[in-house]
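One structure is given below, encoded as structure tokens.
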Amino acid sequence: MNATAATCTTDRAFAAPTLADGLKELRTGWDLMRLAARTPELLRSPRGDGRAVMVVPGFRANDASLLPLRSFLAQRGHDTRPWGLGTNTGGLDALLEQTQESVRRLAEETGRAVNIVGWSLGGVYARETARDQPDTVHRIATLGTPLLGPRYTLGHTVYPEAELQRIETMIDERHQRPINVPIKAIYSRNDGIVDWRTCPDHHTPSAENVEVSSSHIGMGLDPTVWMHLARWLAT
């Protein structure tokens with residue numbers, strides 16, 4: 001469990017990764033090899049009970065980027081669904097609203113609250129959906145999700161300074177309302193895309209923060225991540 005006090009979104013201890021940091025993403029091939037080696041163990045992981053799991057891709061990615069993870073979760077007994085909104089362009093306001101509507105429809109269709117797994121920016125949509133409509137969400141997991149906004153990511157340069165400030169103000173306002181849905185926040189010090197220090201959830205006392213060794217891109221292929229998700233979503 002994690003009871004660390006909330007930090008300010010403008011904390012100067014954090015910094016956007018550099019292009020040199022991005023070289024850590026070369027570990028993705030190693031993550032794939034580890035996945036192959038641990039396949040027998042993964043096939044013995046806990047099974048789900050058929051609850052729907054929506055898997056949300058990261059910035060500038062689409063559902064194809066997480067197809068291996070969705071296939072694994074489906075094999076373990078989950079009713080796995082793609083995000084279904086095309087490429088995640090980073091349009092936070094519109095895409096969050098659309099994500100929430102998709103989750104509402106899925107909860108109505110299945111008659112049960114939905115699990116959400118969000119990679120990177122996709123984890124922001126998962127968190128804010130759980131914050132705004134907790135009755136539709138059973139539990140969430142975030143993979144390398146920057147909780148303090150895009151300023152501390154390798155892609156921060158695509159946002160004007162005014163937009164970065166607007167997002168940070170919105171984050172501060174939203175953090176005034178707690179998330180009352182179980183959260184597992186998975187992060188890695190080998191993340192070359194996001195400052196890993198912004199990924200653990202220090203705003204939700206009940207959140208479970210878990211460190212893994214994968215790259216940022218490799219989180220969708222990391223066997224340790226898959227095992228954590230199998231155990232988390234089976235409960």
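All residue numbers refer to positions in the sequence shown, counting from 1.
Counting heavy atoms from C-beta on, the side chains of E208 and W232 come closer than 4.5 Å. Within the 4.5 Å cutoff, no side-chain heavy atoms of T136 are placed close to those of E108. Looking only at side-chain heavy atoms (C-beta outward), R81 and T110 come within less than 4.5 Å of each other. M219 is not listed as a side-chain neighbour of L69, based on a closest heavy-atom distance of 4.5 Å or more. With contacts defined as side-chain heavy-atom distances shorter than 4.5 Å, the pair D195/P146 does not qualify. Residues E211 and R189 meet the side-chain proximity criterion, which asks for heavy atoms closer than 4.5 Å. Side-chain atoms of R38 and T224, non-hydrogen and from C-beta on, do get closer than 4.5 Å to each other.
In this structure, L67 is not a member of the same hydrophobic cluster as W226, with clusters built from ILVMFWY side-chain heavy atoms closer than 4.5 Å. No single ILVMFWY cluster, assembled from side-chain heavy atoms under 4.5 Å apart, contains both L148 and W196. L121 and L143 sit in two unconnected hydrophobic clusters of ILVMFWY residues. Membership requires side-chain heavy atoms under 4.5 Å apart, directly or through other members. In terms of hydrophobic clustering, with Ile, Leu, Val, Met, Phe, Trp and Tyr side chains grouped at heavy-atom distances under 4.5 Å, Y159 and V194 are assigned to different clusters. Criterion: ILVMFWY side-chain heavy atoms under 4.5 Å apart, direct or through other members. Under it, I140 and V117 are not part of a common hydrophobic cluster.
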With side-chain hydrogen bond (donor to acceptor under 3.5 Å, both in side chains) as the test, would you mind laying out the steps for T169 and D172 before giving the verdict?
CA-CA 5 Å; T169 298; D172 285 336; 5.7 Å; no

Run the side-chain hydrogen bond (donor to acceptor under 3.5 Å, both in side chains) test on R127 and T142 for me, step by step, so that the C-alpha distance in whole Å, both residues' side-chain angles and the decisive distance to 0.1 Å come before the verdict.
CA-CA 8 Å; R127 288 175 56 84; T142 61; 5.8 Å; no

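Distance check: L85 CG to S102 OG gives 4.5 Å after rounding to the nearest 0.5 Å. Separation of atoms CG (N62) and OG1 (T89) is listed at 12.0 Å; rounding is to 0.5 Å. Note: M170 CE to H175 NE2 = 10.0 Å, rounded to the nearest 0.5 Å. In this structure, D79 CG and R51 CZ are separated by 11.0 Å, a value rounded to the nearest 0.5 Å. In this structure, CD1 in I193 is found 11.5 Å from OG in S188, a value given to the nearest 0.5 Å. The distance from the NE2 atom of H216 to the CG atom of L154 is 9.5 Å, given to the nearest 0.5 Å.
For N190 (side chain) and S213 (main-chain N/O), a donor-acceptor pair under 3.5 Å exists by modelled atom type. W119 places no side-chain N or O within donor-acceptor distance of the main-chain N or O of F59, the cut-off being under 3.5 Å. Formation of a donor-acceptor pair under 3.5 Å by the H228 side chain with backbone atoms of V225 is not found in this model. In this structure a side-chain-to-backbone donor-acceptor pair under 3.5 Å is present from R131 to R174. Using a distance-only test at 3.5 Å, with no hydrogens or angles considered, no donor-acceptor pair links the side chain of R76 to the main chain of F72. The closest donor-acceptor contact from the side chain of Q100 to the backbone of E128 lies under 3.5 Å. R231 places no side-chain N or O within donor-acceptor distance of the main-chain N or O of S45, the cut-off being under 3.5 Å. T204 contributes no side-chain N or O that, together with a main-chain N or O of D201, makes up a donor-acceptor pair within less than 3.5 Å.
A parallel orientation is assigned to the rings of Y125 and W83, their planes being inclined by less than 30° (bins at 30° and 60°).
Annotation for L43: atom CG counts as buried by contact number, over 12 foreign heavy atoms lying within 6.0 Å. Annotation for R60: atom CZ does not count as buried by contact number, only 12 or fewer foreign heavy atoms lying within 6.0 Å. Residue Q165 places its CD atom among more than 12 non-hydrogen atoms of other residues, nucleotides or ligands, all under 6.0 Å distant.
For A15 against Y152, the heavy-atom pair with the smallest separation is N-CD2, 3.7 Å. Closest non-hydrogen pair, A16 versus T153, comes out as CB-O, 3.5 Å. The shortest heavy-atom contact between I116 and A126 is CG2-CB, 3.5 Å. The minimum heavy-atom distance between E25 and G218, with the atom names listed, is OE1-N, 4.4 Å. V114 and A107 make their closest contact through CG2-N, 3.8 Å (heavy atoms, listed as atom of the first residue, atom of the second, distance). Heavy atoms only, all atoms of each residue included: R47 and A234 are closest at O-CB, 3.5 Å.
With hydrogens and angles left out, the side-chain atoms of D31 and T28 include no donor and acceptor closer than 3.5 Å. With 3.5 Å as the limit, one finds no donor-acceptor pair spanning the side chains of R34 and S214.
A salt bridge links D49 and R112; the closest N-O separation between the charged side-chain nitrogens and carboxylate oxygens is under 4.0 Å. Ion pair E101/R104 flagged as a salt bridge, since at least one NZ, NE, NH1 or NH2 atom sits closer than 4.0 Å to an Asp/Glu carboxylate oxygen. With salt bridges taken as basic N to acidic carboxylate O contacts below 4.0 Å, one links E161 and R151. Taking a cutoff of 4.0 Å between a charged side-chain nitrogen and a carboxylate oxygen, E109 and R105 do not qualify as a salt bridge.
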